[in-house]
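Down below is the structure, laid out as structure tokens.
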Amino acid sequence: MLDRDEYTWNTMVAAYANSGRLDEAKELFEDTPNKSSVTWSSLISGYCRHGYPGEGFKLFWRMQLDGHKPTQFSLGSVLRACAVSGSLQRGEQIHGYAMKTNFDLNDFVVTGLIDMYAKCRSISEAEYLFVTVPERSNHALWSAMITGYSQNGDAYKAMECFKEMRKQGIEFDEYSLPSILATCAAVSADAFGAQVHCCIIRSGYGVSAFVQSALVDMYAKCGGLTSAKLVMEAADIDGVVSWNSMIMGCMRQGCEEEALYLFKKMHGRDMKMDDFTYTSVLKSLASTTDLKLAKSVHCLILKTRFEAYRLVSNALIDMYAKQREITCACEVFEYMLDKDVVSWTSLVTGYAHNGFFEEALRLFSDMTVEGIYPDEMVVSSILSASAELTALEFGQQVHGIFVKSGHAFSASVGNSLISMYARCGCIEDADRVFNSMQVQGVITWTALIMGYARNGKAKESLETYNCMIASGVKPDYISFIGLLFACSHACLVQEGRMYFESMTKTYGIKPGPEHYASMIDLLGRSGKLAEAEELLNQMSVEPDPTVWKALLAACRVHKNLELGERAARNLFKLEPMNSVPYVLLANIYFASGKLEEAAKIWGLMKSRGINKEPGCSWVGINGQVHTFVSEDRGHPRMSDIYSKIDEVMRLIKKAGYVPDLSSALHDVDEEGKELGLAYHSEKLAVAFGLLAVPQGGPIRIYKNLRVCGDCHIAMRHISQVFSRHIVLRDSNCFHHFREGVCSCGDYW
DNA sequence: CTAGGGTTAG
């Protein structure tokens, strides 16, 4: 009678615990007169299974204090709790306890231990336990190991383990199949996946919803959408996971419309959608411009309370940012209660994507102040924003923060560092980062090729390219942009022609507008205008503005009116509000003595409301940016700066400097011209640099337009007379002035 | 009466 009673109490506790009604289960548990280890295990299992691992763990130790020995049941439950919460330390305690109580040879407990270690990312511990089990005849043991490999990213071992299991005569079941299918999906092992599919058909395990969803996902990822669709249509369970996989599959293949169509169909059928559905559909929406649909999906998310899922809110931020709705992205971000590093990254990247680089930098600083550790994603993103602003000091600080954070130095961080240093004119630092990287992929090589090219080191750029080829890395589309850029900036006509040809002939890469622009620049500026025009006419793609700009610039150098007019007319059409083609064409007319025509162009500009972008130079010192425009009087140290310029002019004239009056404004007299030149923004900046940067340090000047010819000559003399390294980055490239010589070889 | 292994996103 007493036995019967105990059984009833336990059944009731278990029923409440299993259905998740934990408070009621707990109450019943307290009322149970004779608690056995079964009573304890039932309650512990309830807590562990329904997301309260801490509670389950506490009860487990209380159970020991109450005089009960652990059982395979309570140990299994509590190991599961450690696995889902990733508590390796607790798991290790349980492991020790299991060894002391001789439970470490029990199949249930060992399976739980393997699973716990695997889920806590200690795969070698899991593997060790697995291989030391004397008799591996248990399904679950193998399943746990296969899943462990699969979830730790070791697809090869997962597949080997699956094959070994079958070799030993142990059949797969509905637990091991989803894992092995996920493995195939992860590495696009479509042939292996198809074989598994055949086994599933023969075995009858295809009735499991898990197996069906995993199959759909496997095909969506590696066998093509048609097969995935076929599996889905043949399946008798219409589960949300399969739909999610299809939506994601369409998105990855670039069929966003199809993905959105599936989502609408789910909605129309009143299907239950989950957080996976929303993140996938938001990702699809990110590459469309359908703001209306985006907003209605957002409404649906708010109505169903899915914004509480961090991944859904993160996807919302990303989606709005990519749709250029940065204000909406900010609103979602502000509304979030528990932002993680991904939330911050999405908004930081969003700002950068929309051209708000300063805001991106500010937000990154806010993030570090909030105590969020930057990860490699946000670091790569912020480094390119720093490069965009040539914010060298900021980039250096990010580099430092990342080193301190202890994160592994990933390829993407290394690549962004190379690019940041190169774009800030510190090519030696870029080279140092390159050499410190363990693996150099094509992106890494290309970053360095481009870096040397930008910094006027064509020889090094070409050498880097040759080293890349020698190391067995194949160049890609972007590598050739860097390589041809190097050739064009050093006037290497022969090499340029050769590399351009090898692009298609050796590597089968179709040249794009960027490559043509470099080639036309190279041919045009070296005086081969006819060849440049011929190449333009042969282009397999529509010439874009950069191509016409290259041709127009060449026409200006060689005073070719006819071709220049044609290039300018095309640019007026393509970029009607850009002042550059107007200025260039007017200059060509002016240089050819056609003053009336030049005046007409200036008039045209005025009537269309286009203003020439004013020249602006800036110098960053101690975290402060000092900005100068031509004939600027706004700087607090202006009188010092102007007297420094007078001194500079006096000294460099003595050293042989002759002002190049052709660089001056056309409508002033000779003396006015000389004075106007002396107060160009870059000269103000260099005077300030001479005053503020200690002797020995490089003076770094950034300019929004191309450096003027006279300033270029002056900089050479200044570097000689004042023994300074001057780094000037203009809108086109870097100029490193040392001892009277410029890295560009006076060709830019 | 209590227990172990499974699918989809970033």
Side-chain angles (χ1 to χ4, degrees), chain A residues 3-15 17-18 32 36-46 48-49 63 70-80 83 103 106-116 118-119 126 138-148 150-151 172-183 185-186 205 208-218 220-221 237 239-249 251-252 274-284 309-315 317-318 340-343 345-346 375 377:
Chain A
D3 279 358
R4 183 75 196 132
D5 204 30
E6 192 181 296
Y7 181 95
T8 312
W9 279 105
N10 289 345
T11 310
M12 289 199 295
V13 171
N18 274 334
T32 305
S36 68
S37 75
V38 176
T39 331
W40 282 94
S41 299
S42 303
L43 190 65
I44 292 170
S45 153
C48 294
R49 204 193 286 242
M63 174 183 173
T71 59
Q72 54 176 349
F73 299 101
S74 52
L75 283 167
S77 286
V78 85
L79 280 172
R80 177 196 176 112
F103 270 109
N106 174 284
D107 270 354
F108 277 109
V109 176
V110 178
T111 306
L113 282 169
I114 290 174
D115 185 52
M116 180 276 294
K119 294 227 167 47
N138 185 300
H139 295 245
L141 208 56
W142 287 89
S143 280
M145 199 61 239
I146 292 167
T147 308
S150 166
Q151 290 177 346
F172 50 75
D173 63 1
E174 73 266 40
Y175 285 99
S176 47
L177 286 169
S179 279
I180 199 66
L181 287 168
T183 301
Y205 282 120
S208 151
F210 278 106
V211 173
Q212 284 175 12
S213 324
L215 256 181
V216 171
D217 190 60
M218 186 273 289
K221 276 197 186 124
I237 299 163
V240 63
V241 176
S242 301
W243 283 78
N244 293 346
S245 295
M246 284 303 290
I247 292 177
M248 206 52 213
M251 202 278 303
R252 261 191 292 257
D274 62 10
D275 43 335
F276 285 80
T277 320
Y278 287 116
T279 41
S280 315
V281 80
L282 288 171
K283 212 165 159 13
S284 307
Y309 286 82
R310 203 160 47 194
L311 288 172
V312 173
S313 277
N314 289 348
I317 297 172
D318 184 62
D340 65 354
V341 67
V342 180
S343 326
T345 309
S346 304
D375 66 2
M377 294 283 270

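To find a chain, count down the sequence lines: A is the first, B the second, and so on, and within it residues start at 1.
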Is there a donor-acceptor pair closer than 3.5 Å between any side-chain N or O of Ser150(A) and the backbone N or O of Ile146(A)?
no
Please determine whether side-chain hydrogen bond (donor to acceptor under 3.5 Å, both in side chains) holds for the pair Asp340(A) and Ser343(A), giving the CA-CA distance in whole Å, both sets of side-chain angles, and the decisive distance to 0.1 Å.
CA-CA 5 Å; Asp340(A) 65 354; Ser343(A) 326; 2.8 Å; yes
Pick base, sugar-phosphate or nothing for Ser208(A), based on heavy-atom distances below 4.0 Å to the nucleic acid.
base
What are the 5'-most and 3'-most nucleotides of DNA chain B lying under 4.0 Å from any heavy atom of chain A?
dC1(B) to dG10(B)
Do the side chain of Ser179(A) and the main chain of Ser176(A) share a donor and acceptor less than 3.5 angstrom apart?
no
Given Asp275(A), Asp274(A), Thr279(A), the one that forms side chain to side chain donor-acceptor pair (under 3.5 Å) with Thr277(A):
Asp274(A)
Regarding Arg49(A), tell me which of base, sugar-phosphate or nothing describes its non-hydrogen contacts under 4.0 Å with the strands shown.
sugar-phosphate
Does Trp243(A) have any ring pair (Phe, Tyr, Trp, His ring centres under 6.0 Å) partners at least two apart in sequence or in another chain, and if so, which?
none
Might you work through the side chain to side chain contact (heavy atoms under 4.5 Å, CB included) test for Leu141(A) and Val110(A), ending with a clear yes or no?
CA-CA 8 Å; Leu141(A) 208 56; Val110(A) 178; 3.9 Å; yes
Contact class for Asp173(A) (heavy atom, under 4.0 Å): base, sugar-phosphate, or nothing?
base
Pairing pattern in dot-bracket form [Watson-Crick, G-U; both distances under 3.5 Å; | = partner strand] for DNA chain B
..........
If you count the non-hydrogen atoms of other residues, nucleotides and ligands that lie under 6.0 Å from CE in Met63(A), is the total more than 12?
yes
For Val241(A), which contact category applies under a 4.0 Å heavy-atom criterion: base, sugar-phosphate, or nothing?
base
Checking the side chain of Ser74(A) only, and the main-chain atoms of Pro70(A) only, is there a donor and an acceptor separated by less than 3.5 Å?
no
Check every strand shown and say whether Asn314(A) touches a base, only sugar-phosphate, or nothing at a heavy-atom separation below 4.0 Å.
nothing
